[in-house]
Structure formats: C-alpha cells, structure tokens
Enquirer: 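Structure in structure tokens, see below.
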Amino acid sequence: MEVKSEKQIVKPRIGIYGFTGCAGDQLLIIHTEDQILNLFDAVDIKSFVMASSNPTEGELDVAFVEGSISTEEEREHIKEIRDRAQIVVAMGNCAVAGGPQAMFARDGSFAERIKQVYGDVKFITDPVEATPIDEVITVDYYLPGCPISQPQTMALIGRLIHGVEPEDITTPVCLECKLNENKCLLNDKKLCLGPVTMGGCGSACPNYGLPCVGCWGPNKDGNFSELFRLLNSFGIAHEEVMRRIRNYGGHKILKYIEDIKDKER
Amino acid sequence: MTKSDKINIKPLARVEGNGGIKVEISDNKITNVEVQILEGPRLFETLVIGKTPEENLSLVPRICAICNLSHKYASLRGLEKALDVEIPEATNIFRHIMHHGEMLESHSLHLYFLALPDFFGYDNAVAMADEHGEVVTKALQLKAFGNKIMRMMGGRMIHGENPILGGFGRIPNRKTLIEIQEEAKELLAFAIDTIDILAELEIASHMERDTQFLCCKPPHDGYDYYGDILITSDGLEHLVEDYSKVIEERVVSHSFAKRSLYKGKPFSVGALARMLLLGDRLKGEAKKAYEKLYNERWHRNPLYNNFAQAIEQIFSLESVIETIDQGLEMEQPEVAKPKRTSGTGTGVVEAPRGTLIHHYEIKDGRTAYADYITPTAMFLDDIEAFILKGGEELLSSGKTDNIELQFEMIARSYDPCISCSAHLVTVEFK
C-alpha cells in the first residue's frame, strides 16, 4: 500500500448527509458505540444533522452521503455538496445503487406508481425516480451495504484520515460464508445470491441458515449467467431469479443482467 | 422577531430523515404551520406487489433502520394472519425479546442522544459528554445492549433476516440468553437513575393543549407493545381490521407522508400515548417510576414523551429478564408453515414511536395489495397543532428568543421517523 504523505490531512473536515433511504447507514455510524467518541475526536464533524444541531455548511475534506436521489431538490443539494467536498463517498446501497426504491429502475413504471399513490397532488419539490448519487455527481469511493458494515466503514475512514487510498471491495458474500464454515445453501437448492453479491456483511444471512438476498448489490466479478443457469436447474423460474436479483440491485445490476435470457423461451 | 415573519427550520436536526418546520406569522399571529417531510417518496407499497411473503419480510425493514424490527414484526403478524400460520408460544416469546431490544435501542438513542442535549443545552450528546460523561457512557452501554439483542434475534444489528414467516432461522443458545439476562439486570440501575435525572428537569408549558391518544391493547392484562385491538383516549376499542375507518388519511403538498386524523382531529401515538392508556397496568420498577414521574400535564404536553420512554426502558429491561426466564424453559420452536396461500391480514405492533400497521392481501402466494401506516404519519398533524399553540403563547407573551428551539423540541419529543413516514403511501386499486 502506497502512502501518499502529501495528501495527509490533519483533522479532516467531515460532513455526513442523508438523502432518501432508511437512515440505516448514518445510524450504523451512531451505533458504533465503542468508536463514536473516538470518531468525533479524530475528525472535525462539520455537519451530521441526524446526530447534531447547528451544522456548518462550508468546505469539506470528505462528504459521506447516504440515500438515493429521489426529488428535484435532492438533485440540487447533492451537486452543492459535491462542489465543496474534496472527496465524496457513496455510503450504503441507496447511494451506491439506488436502493430497493430503484428495483424497477428504468422500466417506465415510476410515473404511474406515483400517481397511484398520491393522485395529482403537486408537491413543494417534484419527486423523481430513485437513482444512485453517481448518476448526478462524480463519486470517489463506494461503501456498499444495507446497511454498511462497521469494519469496512472504519477501515475506509481510517485510511482517508491517514491519506491512504481506500481499497476496492472485490470479494463476494460466498468468500465470507466459506470462512464462517457455513453449509452451502446452493447445495440444498436454495435461491441464494451469495456468489454474485458484494461481500462485507460477514455472510449475515447464511450464518442463520438463510439464503443471501443480495442486499449489498452486485459483485462485479460475479458469474451472473452461471448462477442463473444453476438456479434454473433447481427448477426456479428465470423470472423468479430476475425479480429477486433486482430487489436490491438498483441501477448497478442492470449491466450484469441485460444479456441474460430465459433459456426456456 | 417582527410582528410578521417567517420561521424556517430546515433541516430539522436530531431526528431520523429529512424534515423541516415552516411557521408563518402575520400581525403577531401564526397563520400557518407546516411540518415538512422533504425526504423523497419510496413507494414501498408498490415495491412489494407481486412479491412472495419472504421477499416482503426482507424488504419492509428497509422502510426504516431505527425501527426495522417493528416493521418486520408488524409484517409477520399481518402475513401470518393472511396465510393462517399458527405460531408456537416459544416463537412469540423470542419475538417479544426481539421487540424489547428494539425499544431499548430506539428509546435510548432518542432520549439520551437526540432529546436530552436540548434540556442540557448542547448541540449533541458528544458535546454533552464533558459535563455529563457518566450519563453518556452509560447511555451508550444501554444503546449497545439494545443493539446486541437486535443482533441476537434479528441476525444483524440493522435489517437482520433471522425472523422469518413462522419463526426464526436460528434461536439463540442458552448461554447467550443468560448473558443477556445478566446484562439487563446490570443496566436496570442506570435506567432507574435516569428517572431521577428527568424528575429534576423543568418542562416548558407554552404548547399545552388537549389532544387524543391511540395505541394497541395487549391481549393480556399487563403492559405491552402488541395487540389486535386499537384503543383510543375516548374509551373506545376498535378491531385492527377496521384501521382504515379509525384513522382518516389525506395527502398534503408539503409532505411525502400522508396525514391522519381520528374523529376529525389530530391524535398522538407513542410512548406517552401508551403510558396514558396502559400505564396503570405496569408492575415492578416501571410502576414505581411511573408513579414518581406522572402528573396531569402529561395529557396536554408532548415533551413528557421523553419521560414515558424512560419508563418504558425500565419496563423493557424487566421484561427481557422475565421473558428470557420463560424462553429458557421452552423447547426450541419449529418453524410453523402456512396453511393457505391466499388471504387477508392486518398486523399491528407498537413501534418505539407509536402504532404501526401493516395490512396485506395475498393471492396465490404473491402480494396483491399492501398498506402500511406508520406512527410518524399518524402524529404529524398533532405536532403542527402543538407548534401552533406554543407559538401563539410565546408570541403573545413576547418570549420569542429561542422560539425555533422551542418548536424543534416539540417536534423532536415525538421522536419522528421521517424515513418511515415518507413511505406512508396507500395504493388504491380502484
């Protein structure tokens, strides 16, 4: 690991922002009970509205952003944050991929669904179909997860504090599942998305004997067509696999599944 | 402050999600109060259509991280009614332990970290640590304990998948349960000490007005956080299946959360509502705390919700101790299977911040219709009414120095969950 000492920052100025989501990623930071006092000590938290009043909205070294962009106002706000932040980190599935609210990404159903729900009411800001933040701004680093994991988050923050380039996350859930010595659920012909899902959760669900639901979004090295073939061979319909893989895949899953066709048709 | 003015509090800090408060003043009178829900809509009820119950149960906790297991629990109760799943008593016991974990996590987060800094005069709890170090350290322990239970029963701290239709993926072992029980006993002393801290606080009275309360009634004669009947402060009881007749909803342009009324008027839900409707059912240390803190003003003043949360912390710690005793005597429950693939069910639990309703219609194993009503969507009108009353009182007496803070404190006392409420959307297929 190359240490970029010229980039070393003393008490970096941090902003932690929440857009549209469940606030679970910000909550995870608040829930690091053994670390939160250290964290507030090691960095200069300028804005963290969920935890503190009176934010100072100025220049930032790092902005952590949770949530999808789901209104016109949010589109403008994220650009404004980008303008004053050296580094922007997309934090959690909603910011990285669009979140569950983006499971129907680009299928054209959004206008119809919003009308079904609210009728013709005009809101103070227009709702837009959920997108990850990198559809609006450039993102420097990604912290996947639903919610993010404490070790990955603290590792990334630690590296940024010390001016070290954070590492890309490349391993699937399966790797962690093997390290945890779980019985492989695919051997039981269960619909498990572990092989194509980004790791970091510590195989949270298989540890409880339950299949991976894919909530960290796609692992870029995953062999998607092979997993589809395998699950189809268990008698699980193509549509079923497609629907499940999109529940948490948001916009990021689209390029991995666009060429996968139902072999039966 | 001039006689005609506009107060814009945005963002509203130390709450979950993106919200704001707008108050318009004309000729020293308040002409408009809006609690704005600015977080984008996620349309959750449309996301679960066509999904299996298993997928629903994975998705709904994502409505809100703080009360993710309440969403899971309400959904389980609704889906298990719809599909006629008969739950073994031992499974119910473990669900109660899970739910107490969430109450402890959420209440301790709100009480010590989001609300108390206002009463002590700080921007946040970390700044408060210098002078009130022991409270902050102990509060972190209590919150960590709530999280530990959520991790144990949920499968992870936030959005765990372990609670499944008919039971759990895995039940914690004896040793873990006994450790949790021991820790609950240790933390009880701090939860009781908190009552004395609160008893010292002076609580503002400017916003006081009469309101209505609603919560669900436990199926036994004790205090609890679940039930199939809604009770209201007018003394009436309603079947949860009739929820849509009890709670009248509408859409307003300044909020992606729908608004709710009971009998045409705003109402409160949450710890204070539960305490006022069920408080006489408390036992043990929780009963003592209730008797120590309770006064008549609780019926007219939402700031006492913080007090009610402190009493519920004691109730939940005592319940964890008692419920684990019951769990230790029971056989590991089997996962119960659905007896049908189609049906309708309404599941209700008390989330930390109030009554939470999940209603489902399942056809051939897939969701045909879903409706979720969250506590924040129920009490937003009530917050606006209290801000209006408090604002008028402060304006007429000229005490407007920290009027913004006073408004924020009213909103914060409800522990609003904006992520939850912004998904409060009803899909009507007509």
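Order of the sequence lines sets the chain letters (A, B, ...), proteins ahead of strands, with each chain counted from 1. Bear in mind the structure is a predicted one, so any value in this text is a computation, not a measurement.
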Enquirer: Nearest 0.5 Å, what's the CG-CZ distance between A/Asn207 and B/Arg170?
Expert: 7.5 Å
Enquirer: Between A/Ile30 and chain B, with a heavy-atom cut-off of 4.5 Å, which part of the residue counts as in contact: side chain, backbone, both or neither?
Expert: both
Enquirer: Working to the nearest 0.5 Å, report the span between CG of B/Leu405 and OG of A/Ser53.
Expert: 7.5 Å
Enquirer: Is chain A contacted by the side chain of B/Leu114, its backbone, both, or neither, given a heavy-atom distance below 4.5 Å?
Expert: side chain
Enquirer: Relative to chain B, which segment of A/Gln26 carries a heavy atom at a distance below 4.5 Å: side chain, backbone, both, or neither?
Expert: neither
Enquirer: Mark yes when over 12 heavy atoms from residues, nucleotides or ligands other than A/Glu57 sit less than 6.0 Å from its CD; otherwise mark no.
Expert: yes
Enquirer: Are the side chains of A/Arg113 and B/Leu47 in contact, using a 4.5 Å heavy-atom criterion?
Expert: yes
Enquirer: Whether A/Arg244 and B/Glu54 form a salt bridge (side-chain N of Lys/Arg under 4.0 Å from carboxylate O of Asp/Glu) is what I want to check.
Expert: yes
Enquirer: I want to check something: taking the side chain as every heavy atom from C-beta on, are A/Cys22 and B/Ile63 in contact at a cut-off of under 4.5 Å?
Expert: no
Enquirer: Measuring heavy-atom distances to chain B, does A/Glu240 have an atom under 4.5 Å in its side chain, in its backbone, in both, or in neither?
Expert: side chain
Enquirer: Contact part of A/Ala130 toward chain B, heavy-atom cut-off under 4.5 Å: side chain, backbone, both or neither?
Expert: neither
Enquirer: Flag the one option from A/Gly18, A/Pro147, A/Ser70 with the top tally of heavy-atom pairs under 4.5 Å to chain B.
Expert: A/Pro147
Enquirer: Under 3.5 Å, is there a donor-acceptor pair linking the side chains of B/Ser58 and A/Tyr248?
Expert: yes
Enquirer: Which one wins on heavy-atom pair count under 4.5 Å against chain A: B/Met157, B/Glu55, B/Arg156?
Expert: B/Glu55
Enquirer: Taking the side chain as every heavy atom from C-beta outward, state whether B/Leu109 and A/Leu27 have any atom pair closer than 4.5 Å.
Expert: yes
Enquirer: One pair to check against side-chain contact (heavy atoms from CB on, under 4.5 Å): A/Asn247 and B/Lys51. What are the steps and the verdict?
Expert: CA-CA 10 Å; A/Asn247 279 346; B/Lys51 303 286 160 87; 2.7 Å; yes
Enquirer: Pick one of side chain, backbone, both or neither for B/Asn162, based on which atoms fall under 4.5 Å of a heavy atom in chain A.
Expert: both
Enquirer: Between A/His31, A/Glu73, A/Gln101, which shows the greatest number of heavy-atom pairs under 4.5 Å with chain B?
Expert: A/His31
Enquirer: Which of the residues B/Gln141, B/Glu105, B/Glu408 is involved in the greatest number of heavy-atom pairs with chain A at under 4.5 angstrom?
Expert: B/Glu105
Enquirer: Let's test your reading of the structure: which of A/Ser68, A/Ala102, A/Gly24 forms the most heavy-atom pairs below 4.5 Å with chain B?
Expert: A/Gly24
Enquirer: Relative to chain A, which segment of B/Thr137 carries a heavy atom at a distance below 4.5 Å: side chain, backbone, both, or neither?
Expert: neither
Enquirer: Do A/Thr71 and B/Glu39 have side chains that approach each other closer than 4.5 Å (heavy atoms only, starting at C-beta)?
Expert: no
Enquirer: Starting at CG of B/Leu59, measure out to SG of A/Cys146 and round the result to the nearest 0.5 Å.
Expert: 9.0 Å
Enquirer: Name the region of A/Cys205, side chain, backbone, both or neither, that has any atom closer than 4.5 Å to a heavy atom of chain B.
Expert: side chain
Enquirer: Checking heavy atoms, do the side chain of A/Met103, its backbone, both or neither come under 4.5 Å from chain B?
Expert: side chain
Enquirer: Between B/Arg250 and chain A, which part of the residue has a heavy atom less than 4.5 Å away: side chain, backbone, both or neither?
Expert: neither
Enquirer: Please classify the contact between A/Phe123 and chain B as side chain, backbone, both or neither, with a heavy-atom cut-off of under 4.5 Å.
Expert: both
Enquirer: Less than 4.5 Å to any heavy atom of chain B: does that hold for the side chain of A/Ile45, its backbone, both, or neither?
Expert: neither
Enquirer: Under a 4.5 Å heavy-atom cutoff, which of A/Pro100, A/Gly99, A/Cys94 has the most pairs with chain B?
Expert: A/Pro100
Enquirer: Just checking B/Lys138: does its NZ atom have more than 12 heavy atoms from other residues, nucleotides or ligands closer to it than 6.0 angstrom?
Expert: no
Enquirer: Do the non-hydrogen side-chain atoms of B/Thr46 and A/Glu112 ever get within less than 4.5 Å of each other?
Expert: no
Enquirer: Quick one, A/Phe110 and B/Leu43 - any side-chain contact, counting heavy atoms below 4.5 Å?
Expert: yes
Enquirer: Between the main-chain N or O of B/Gly40 and the side-chain N or O of A/Thr20, is there a donor-acceptor pair closer than 3.5 Å?
Expert: yes
